[in-house]
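Each remark here refers to the structure printed beneath this line.
These values consider heavy atoms only, across backbone and side chains, with no hydrogens, waters or symmetry-generated copies.
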Amino acid sequence: MKFEIDTLGIIRSPYKEKFAIPRQPGLVKSARARLELQPPYDQPDVLRGIEQFSHLWLSFVFHQTMDQGWHPTVRPPRLGGNERVGVFATRSTFRPNPLGLSVVELHGVGRSRGKLWLELGAVDLLDGTPIVDIKPYIPYADSLPDARGGFAPDAPTPPLCVSFTPEAEQQLQPWLKAHPELRQLVSEVLAQDPRPAYKQGKPDDKVYGVRLFDCNVRFSISEPACQVLAIEAA
Ligand code: SAM
């Protein structure tokens, strides 16, 4: 059977590129996003009662990688990027059907000038991600404290300790007007150590860059420290 499914809405998030997006939702609490509903789903009736829930499940399309196909086995970063496991034993973006599933915080519903949106938090979604379903998170059924986590039993590696150089601190200030959460976002995103698995645990003199909102954040890592070197217009 083949199915056709519709985009219900589009995510507007600070993550403008895949690099440095956390591997799962909930890891970067300050990553706020908006889910803008599209016609014909942009009618208030579809959201009636949703604000009673603190969290939502979002089904989405890995739209940026869907053209790259899939393989029966993948090398998850959690296994150091060397060991292969079956695609269905992972949350890899490269899947036969490029569908993702994330549980996110619901902060409210917004409505203005004919537009309807959900305010979300702790997302792991690229800006522009198409959402194909929305369901409430139901703690009694969805929270399973005794579940086994396979090769990902707990949260990823301990967070890095992020600091800003005086120059980066100065460059940050004007951005805070438009994005008051930017300092927290940069700190939380970089604390996750966004580098590829093969770079971790070794000396690293590279300067990295990541785009968050409309700025480019330059940083370097000498474990367990991460230093923000510059924040520039993208
Ligand atoms: N929580 C989801 C799941 O389990 O299905 C996603 C897990 S996947 C390992 C998380 C990664 O998906 C992020 O680090 C980001 O690089 C990538 N990602 C997020 N949105 C995407 C999109 N629209 N297209 C392609 N990749 C995306």
Side-chain angles (χ1 to χ4, degrees), residues 1-28 30-43 46-47 50 55-78 81 85-107 109-110 115-137 152 156 179 185 188-189 192 194-197 208-217 234:
M1 280 188 274
K2 294 249 180 206
F3 303 92
E4 230 176 63
I5 51 173
D6 220 3
T7 298
L8 309 182
I10 299 288
I11 286 289
R12 301 292 168 211
S13 94
Y15 298 125
K16 307 294 178 191
E17 58 179 319
K18 268 193 74 195
F19 178 59
I21 301 182
R23 292 188 190 131
Q24 286 300 335
L27 297 171
V28 172
S30 55
R32 298 286 291 256
R34 212 168 243 209
L35 166 50
E36 294 177 358
L37 294 177
Q38 289 188 341
Y41 313 103
D42 58 346
Q43 39 181 307
V46 302
L47 299 182
I50 205 166
H55 292 76
L56 300 175
W57 287 109
L58 299 182
S59 302
F60 63 95
V61 176
F62 288 114
H63 75 301
Q64 200 176 81
T65 47
M66 60 186 284
D67 294 339
Q68 295 173 41
W70 66 283
H71 294 282
T73 60
V74 297
R75 292 182 293 203
R78 282 304 287 275
V85 293
V87 62
F88 299 134
T90 76
R91 306 289 283 258
S92 168
T93 55
F94 305 101
R95 325 184 64 78
N97 292 314
L99 295 174
L101 185 65
S102 291
V103 65
V104 300
E105 298 169 355
L106 174 62
H107 290 277
V109 174
K115 291 205 171 215
L116 182 63
W117 66 87
L118 294 168
E119 292 288 353
L120 308 172
V123 304
D124 61 345
L125 304 169
L126 188 65
D127 188 47
T129 296
I131 300 296
V132 294
D133 201 10
I134 304 165
K135 290 189 175 83
Y137 176 92
H179 309 295
L185 182 68
E188 286 186 59
V189 165
Q192 300 291 314
R195 295 173 302 164
Y208 294 87
V210 59
R211 190 162 163 219
L212 294 170
F213 293 113
D214 38 4
C215 51
N216 226 334
V217 179

Tell me whether the centres of the aromatic rings in W70 and F94 are closer together than 6.0 Å. no

Is the shortest side-chain heavy-atom distance between [X] and [Y] below 4.5 Å?
| X | Y | result |
| --- | --- | --- |
| L56 | L35 | no |
| V28 | Q192 | yes |
| H179 | D214 | yes |
| W57 | P136 | no |
| K18 | T93 | yes |
| N216 | V210 | no |
| V61 | P130 | yes |
| I50 | I134 | yes |

Considering all heavy atoms, the nearest [X]-[Y] contact:
| X | Y | result |
| --- | --- | --- |
| A20 | V189 | O-CG1, 3.4 Å |
| V103 | H55 | CG2-CB, 4.1 Å |
| W117 | E36 | CB-CA, 4.0 Å |
| R32 | P14 | O-CD, 3.1 Å |
| S59 | L101 | OG-CD1, 3.8 Å |
| L37 | D42 | O-CB, 3.7 Å |

When you measure from the side chain of [X] to the backbone of [Y], do you find a donor-acceptor pair of N or O atoms at a distance under 3.5 Å?
| X | Y | result |
| --- | --- | --- |
| S13 | L125 | yes |
| E17 | R211 | yes |
| R95 | T90 | yes |

How long is the gap from [atom1] on [X] to [atom2] on [Y], to the nearest 0.5 Å?
| X | Y | atom1 | atom2 | answer |
| --- | --- | --- | --- | --- |
| L58 | D133 | CG | CG | 9.0 Å |
| M66 | N97 | CE | CG | 9.5 Å |
| F60 | I10 | CZ | CD1 | 12.5 Å |
| K115 | R34 | NZ | CZ | 9.5 Å |
| I131 | Q38 | CD1 | CD | 10.5 Å |
| R195 | F19 | CZ | CZ | 9.0 Å |

Output, in order, the C-alpha distance, side-chain angles, deciding distance and verdict of side chain to side chain contact (heavy atoms under 4.5 Å, CB included) for E4 and D6. CA-CA 7 Å; E4 230 176 63; D6 220 3; over 6 Å; no

Start with the C-alpha gap between L116 and Q43, add the side-chain angles, then the distance that decides, and say whether side chain to side chain contact (heavy atoms under 4.5 Å, CB included) holds. CA-CA 7 Å; L116 182 63; Q43 39 181 307; 5.6 Å; no

Test side chain to side chain contact (heavy atoms under 4.5 Å, CB included) on L120 and I11 and set out the steps. CA-CA 10 Å; L120 308 172; I11 286 289; 3.9 Å; yes

Donor-acceptor side-chain pairing of D124 and Y15 below 3.5 angstrom: no

